[in-house]
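Just so you know, ligand 1 is whichever comes first in the structure, and atom 1 is the first atom listed for that ligand. Only a predicted model underlies this, so the values are computations on that prediction, with no experimental measurement involved.
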Amino acid sequence: MKALMLVCDGIADRPVRELKGKTPLEVARKQNMDALASRGITGILDPIAPGIRVGSDTTHLALLGYNPYEVYTGRGPFEAAGVGLKLRQGDIAFRCNFATVDENLVVLDRRAGRISKGTDKLARAINKIKIPGAEIIFKESVAHRGVLILRGKKLSHKVSDSDPHVAGEKVRKVKALDESPEARRTASILNAFSEDVHKVLREQNGNANMLLLRGCGAAPKLKSFREKYGISGACMATTGIIKGIARLAGMEVVEAKTSYDLRIKQGLKILKNYDFLLINIKEPDEASHDHDARRKVQLIEEIDRALKPLLQFSRENYVLLLSDHTTSLSYGDHTGDSVPVVLCGPEVRADDVKKFDERSTAKGGLCRIRGQDLMPLLLDLMNRSEKFGA
Ligand code: ZN
Ligand code: ZN
């Protein structure tokens, strides 16, 4: 018996004025999602806890059964794993931007003219930098972005960003965020690195003459999926951060095909070799960040058309369909609202709910649960959970 967790990123929404007080899920024609709801048990889910606004990173950790408050100290390590860097315990990691600064280190462009080529060459130069007390490991990622790992003894993630987050301000000095000698030491290593990286990049004579650091986090200690649940897991995603989470959880990361149709078909094929697959579909979230209601409705319908094979699949296996958080079209960002969830499979106690949307599933048999409840529910239905007591 296999399980597929299909996360439609930010597909949940609040009632939208432009849609006459309905949500995109309530407006869209989506017969396959509704068929799953009709055959499954439904409910609403708080990604972490009621009213807590979450990022896709923290909520995916919760959905996979990890406690984000224990394992998440910042985005950096997950981004680093997402680009394929191997983290070790004790490492700290940052997300970085190549940027353009003037001679006074005032940021002129946080994206270095949206640099897209030649960052691999810059990365090679950066990796030659030697700072006493820590090893520098840098890797470029998409466009102007990159990741930095600092490796060494007695490092702390309790340090501030060097990124001022707006153009027109000076690159910040990294500061210790607590009183520990480790944080002070780490801050001084990073300030020395910032000076050196500016020198090294200036010699390259391009737009990119500085690296801005943000999102520092410590390499998390995650029990692997196999250790935690005794099952094998894979993940299909298009964003680095979700791939990074999956890698750190010891899951196999598979590249996603372009069309939704092919992704679902490919997913079902992958499940021949794994017990569990997480698929993240990112686009609905982006439509909400862009305040584009029509696009969001369109995307829901497009995704829905690809889900037909799941109706057959869920006769013998389990399918979880949900949103990882609400992304509000009016607010243009994630909100703390609950999200709809449906669990479909051979032995679920199906309820009377016939539609997959925020209000309909609130009447379902799962009632109101939290992100971290999903994996136990799923494992239990698969008869893979451990008994507590005699
Ligand atoms: Zn998300
Ligand atoms: Zn988002």
Side-chain angles (χ1 to χ4, degrees), residues 4-14 16 23-25 33 44-69 71-72 74-79 81-82 95 141-143 145 165 214-215 217 235-249 251 253 256 260 263 277-300 302-303 320-342 356-358 361 369-372 374-375:
L4 171 68
M5 183 187 280
L6 177 60
V7 177
C8 298
D9 210 296
I11 205 171
D13 214 308
R14 291 175 170 174
V16 184
T23 69
L25 276 173
M33 289 183 189
I44 52 174
L45 174 142
D46 294 297
I48 289 182
I52 303 294
R53 287 180 61 208
V54 295
S56 290
D57 42 13
T58 46
T59 179
H60 274 77
L61 283 166
L63 297 178
L64 293 173
Y66 298 94
N67 181 348
Y69 292 111
V71 299
Y72 187 86
R75 187 162 174 159
F78 298 97
E79 291 284 351
R95 312 168 70 194
S141 70
V142 185
R145 298 186 189 89
H165 296 271
R214 68 185 194 280
C235 167
M236 185 197 295
T238 50
T239 51
I241 187 89
I242 308 294
K243 290 183 197 171
I245 287 170
R247 283 205 184 107
L248 287 169
M251 298 163 81
V253 172
Y260 298 135
R263 281 191 222 178
L277 174 69
L278 164 71
I279 300 183
N280 173 281
I281 297 185
K282 184 67 190 157
E283 291 79 5
D285 178 62
E286 293 165 352
S288 262
H289 283 289
D290 294 341
H291 306 278
D292 192 342
R294 272 187 50 185
R295 174 95 186 114
K296 192 162 178 182
V297 171
Q298 247 173 28
L299 281 165
I300 294 169
E302 243 173 77
I303 295 166
L320 261 167
L321 169 66
L322 73 153
S323 184
D324 58 340
H325 46 74
T326 296
T327 314
S328 158
L329 277 160
S330 63
Y331 185 50
D333 205 343
H334 307 179
T335 61
D337 303 82
S338 62
V339 300
V341 56
V342 53
F356 179 72
D357 62 60
E358 300 82 349
T361 62
I369 57 173
R370 296 190 183 194
Q372 275 189 272
L374 282 185
M375 285 308 298

Note to self: Please determine whether a side-chain nitrogen of the Lys or Arg among E302 and K296 lies less than 4.0 Å from a carboxylate oxygen of the Asp or Glu.
What the structure shows: no
Notebook entry, point to check: Using a cut-off of 2.8 Å, how many protein N, O or S atoms lie below it in distance from the Zn ion (ligand 2)?
Noted result: 4
Next item on the list: Only one of V342, L374, V7 passes side-chain contact (heavy atoms from CB on, under 4.5 Å) with L320; say which it is.
Entry: L374
Notebook entry, point to check: Any side-chain donor-acceptor pair under 3.5 Å between H291 and S330?
Noted result: no
Margin query: Treating R370 as the side-chain partner and D46 as the backbone partner, does any N or O pair qualify as donor plus acceptor under 3.5 Å?
Written below: no
Next item on the list: Verify whether the ring centers belonging to Y72 and Y66 lie closer than 6.0 Å.
Entry: no
Check: Between D324 and T59, does a side-chain hydrogen bond (donor to acceptor under 3.5 Å, both in side chains) hold up when you go through it step by step?
Finding: CA-CA 6 Å; D324 58 340; T59 179; 5.4 Å; no
Margin query: I'd like the atom name of the N/O/S atom in D324 lying closest to the Zn ion (ligand 1).
Written below: OD2
